[in-house]
Amino acid sequence: MSGAGAEGRGAGADAVRPGAAGPRAGAAGPRPEDGNAERDELYARLRAYEGRAAATAGRGKDPVNEPMIRHWCEAMGDTSPAYRGPDAVAPPTMLQAWTMGGLTGHTDHRSAAYDEMFALLDGAGYTSVVATDCEQEYLRPLRPGDRIAFDTVIESVSARKTTKLGTGYFVTTRTDVHADGELAGTHRFRILKYRPAQRTADAEPARRPRPVINRDNAGFWAGVAEHRLLIQRCTDCATLRLPWLPGCNACGGAGWGTVEAGGEGTVFSHVVMHHPSFPAFAPDGDGGPYAVALVELAEGVRIVSNVIGVPYDKVRVGMPVQLDFLVTDPDLELPVFRASEGG
């Protein structure tokens with residue numbers, strides 16, 4: 001099964017995801033600097049890295065374990081009984097988590113190819129990077145006690161593309177994850193290594209990325225348009241869920257209704273975005289810093305949004321917040337949470 005639908009993708013990711021016919025709709029058209037793929041000497045050099053190893057015989061720093069599964073489920077609000085008890089399995093979307101190296105990273109299994117390729121791009125002026133999307137395929141469940149090994153390969157490098165962010169190359173790596181010697185899943189991760197586009201004085205003001213609206217979440221955005229924050233409720237077990245999903249993550253039921261959130265919440269966790277600077281995310285237009293929070297609603301579900309009304313460095317865990325709606329431009333309104341410095 002594919003994990004792309006289960007994990008979802010950010011609007012910013014879809015805006016720059018490569019396609020066979022070039023950039024996605026809305027991206028800037030070709031520029032003279034793009035030239036022709038046949039004349040792109042850098043592309044020819046980058047393609048030489050396709051198929052080369054980025055990590056070989058990597059080892060997970062810890063076996064699959066119950067505490068990590070519990071922390072993940074608490075953060076995600078996932079109450080499925082499949083992840084608890086003596087026969088527990090790990091949530092499939094944790095696949096990458098078991099391979100991550102933490103703050104110190106993996107230094108003993110990395111090959112030189114990936115660093116060489118990045119140095120080549122940096123030297124040519126493609127110094128910025130943004131993650132665009134990931135795909136996962138699950139072949140067997142991971143269970144507490146499983147020992148994780150992995151191999152990562154540079155799967156592909158795209159021809160030079162021009163997006164709204166700038167001109168660059170999409171690089172896709174594939175990680176094969178093994179549990180006790182058996183292939184358990186595959187994780188593909190795609191980034192754009194790019195040269196930032198130069199803005200001109202008469203350029204259009206920066207706009208926030210558009211949300212991806214599909215048949216699974218259209219009702220949520222319809223509610224936002226009416227200044228209502230709607231939470232899904234399973235008709236079989238009454239479990240609430242947010243973000244919206246096609247099925248219940250507790251019992252698997254497909255039927256659902258909605259409950260309107262009252263609007264009260266508290267900051268469960270938060271980060272402060274310092275870089276890259278993006279003017280559309282700051283009222284003063286200088287691009288930040290700004291606070292992004294995981295807000296726990298009074299109804300018990302959580303939502304990722306911005307905290308406004310106080311300086312970014314005043315946001316704290318446990319801070320009470322109230323639902324608000326922010327018009328970011330004439331075509332987009334988003335649910336945000338307002339706090340007060342005295343709160």
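Values in this document were obtained by computation on a predicted structure and should not be read as measured data. Heavy atoms only: backbone and side chains are in, while hydrogens, waters and symmetry mates are out.
With rounding to the nearest 0.5 Å, the separation of CE in Met94 from NE2 in His71 is 9.5 Å. Atom NE2 in His187 sits 9.5 Å away from atom OH in Tyr138 (nearest 0.5 Å). Lys161 contributes atom NZ, which lies 8.5 Å from atom OH of Tyr43 (distance to the nearest 0.5 angstrom). Distance CG/Leu242 to CD/Gln232: 8.5 Å, rounded to 0.5 Å. Here the straight-line distance linking atom CH2 of Trp256 with atom CZ of Arg241 works out to 8.0 Å at 0.5 Å rounding. In this structure, CG in Asp146 is found 13.0 Å from NE2 in His178, a value given to the nearest 0.5 Å.
The backbone N or O of Val129 sits nowhere less than 3.5 Å from a side-chain atom of Lys193 that would complete a donor-acceptor pair. Under the 3.5 Å distance criterion, the side-chain polar atoms of Trp98 are left unmatched by any main-chain donor or acceptor of Leu142. Remark: side-chain polar atoms of Thr173 are not paired, donor with acceptor, to backbone N or O of Ile154 under 3.5 angstrom. A donor-acceptor contact shorter than 3.5 Å links the side chain of Asp180 to the backbone of Arg147. At distances below 3.5 Å, at least one donor-acceptor pair connects side-chain atoms of Arg84 with backbone N or O atoms of Thr79.
The hydrophobic cluster containing Leu326, built from Ile/Leu/Val/Met/Phe/Trp/Tyr side-chain heavy atoms closer than 4.5 Å, also comprises Ile308, Val336.
Using a 4.5 Å cut-off on side-chain heavy atoms (C-beta onward), Phe150 and Thr175 make contact. Residues Asp176 and Leu183 meet the side-chain proximity criterion, which asks for heavy atoms closer than 4.5 Å. Considering only heavy atoms from C-beta on, Val321 comes within 4.5 Å of Val295 through its side chain. In this structure, Tyr169 and Leu42 have side chains that are in contact, with non-hydrogen atoms separated by less than 4.5 Å. Counting heavy atoms from C-beta outward, Leu229 and Phe220 have side chains that approach closer than 4.5 Å. Within the 4.5 Å cutoff, the side chain of Ile191 has heavy atoms near those of the Phe118 side chain. Residues Glu50 and Glu155 form no side-chain contact, since every pair of their non-hydrogen atoms from C-beta on lies 4.5 Å or further apart. Cys248 places none of its side-chain heavy atoms less than 4.5 Å from the side chain of Asp236.
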Checklist entry - How far apart are the C-alpha atoms of Tyr194 and Leu121, what are their side-chain angles, what is the distance that settles it, and do they pass the side-chain contact (heavy atoms from CB on, under 4.5 Å) test? => result CA-CA 8 Å; Tyr194 67 101; Leu121 286 160; over 6 Å; no
Checklist entry - So Ile231 and Thr258, side-chain contact (heavy atoms from CB on, under 4.5 Å) or not? Walk me through it. => result CA-CA 5 Å; Ile231 305 168; Thr258 60; over 6 Å; no
Next on the checklist: Does Val259 form a side-chain contact (heavy atoms from CB on, under 4.5 Å) with Leu240? I'd like the steps, not just the answer.
Outcome noted: CA-CA 8 Å; Val259 173; Leu240 301 179; 4.1 Å; yes
Next on the checklist: Between Thr163 and Leu192, is the side-chain contact (heavy atoms from CB on, under 4.5 Å) condition met? List the steps.
Outcome noted: CA-CA 10 Å; Thr163 74; Leu192 172 65; 3.8 Å; yes
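Remark: Asn217 pairs with no residue by the side chain to side chain donor-acceptor pair (under 3.5 Å) rule, at least two apart or across chains. With sequence neighbours left out, Glu260 forms a salt bridge (Lys or Arg N to Asp or Glu O under 4.0 Å) with Arg228.
Across every non-hydrogen atom of Val310 and Ala339, the tightest pair is CG1-O, 3.5 Å. Taking all atoms of both residues into account, the shortest heavy-atom contact from Pro246 to Asp216 is CB-OD1, 3.7 Å. Closest non-hydrogen pair, Ser128 versus Pro196, comes out as OG-CG, 3.2 Å. Val317 approaches Ser269 most closely through the heavy-atom pair CG2-CA, 4.3 Å. Taking all atoms of both residues into account, the shortest heavy-atom contact from Pro92 to Tyr83 is CD-OH, 3.5 Å. Heavy atoms only, all atoms of each residue included: Cys134 and Phe189 are closest at CB-CD1, 3.9 Å.
Grouping the Ile, Leu, Val, Met, Phe, Trp and Tyr side chains by contacts below 4.5 angstrom, directly or via other members, places Phe337 apart from Val272. The cluster map of Ile, Leu, Val, Met, Phe, Trp and Tyr, joined by side-chain heavy atoms under 4.5 Å apart, puts Met76 and Ile69 in the same cluster. Under a hydrophobic-cluster definition in which Ile, Leu, Val, Met, Phe, Trp and Tyr are linked whenever side-chain heavy atoms come within less than 4.5 Å, directly or via other members, Val304 and Val271 are assigned to the same cluster. Hydrophobic cluster membership differs between Tyr49 and Val153, with clusters built from Ile, Leu, Val, Met, Phe, Trp and Tyr side chains linked at under 4.5 angstrom.
In this structure, a donor-acceptor pair under 3.5 Å is present between the side chains of Thr162 and Thr167. No side-chain donor-acceptor contact under 3.5 Å links Arg338 and Asn306. For Arg190 and Thr172, the side-chain atoms include at least one donor-acceptor pair closer than 3.5 Å.
Heavy atoms of other residues, nucleotides or ligands lying less than 6.0 angstrom from CD of Glu66 number 12 at most. Other residues, nucleotides and ligands place more than 12 heavy atoms under 6.0 Å from the CZ atom of Arg140. In this structure, Arg45 places its CZ atom where only 12 or fewer heavy-atom neighbours from other residues, nucleotides or ligands lie under 6.0 Å away.
Using a cut-off of 4.0 Å between Lys/Arg side-chain N and Asp/Glu carboxylate O, Asp151 and Arg174 are scored as not salt-bridged. Salt bridge absent: Asp133 and Arg188 never bring a charged side-chain N and a carboxylate O closer than 4.0 Å. Using a cutoff of 4.0 Å between basic side-chain nitrogens and carboxylate oxygens, Asp329 and Arg210 are scored as salt-bridged.
Between Tyr312 and His274, the two ring planes are perpendicular [angle over 60°; tilted spans 30° to 60°].
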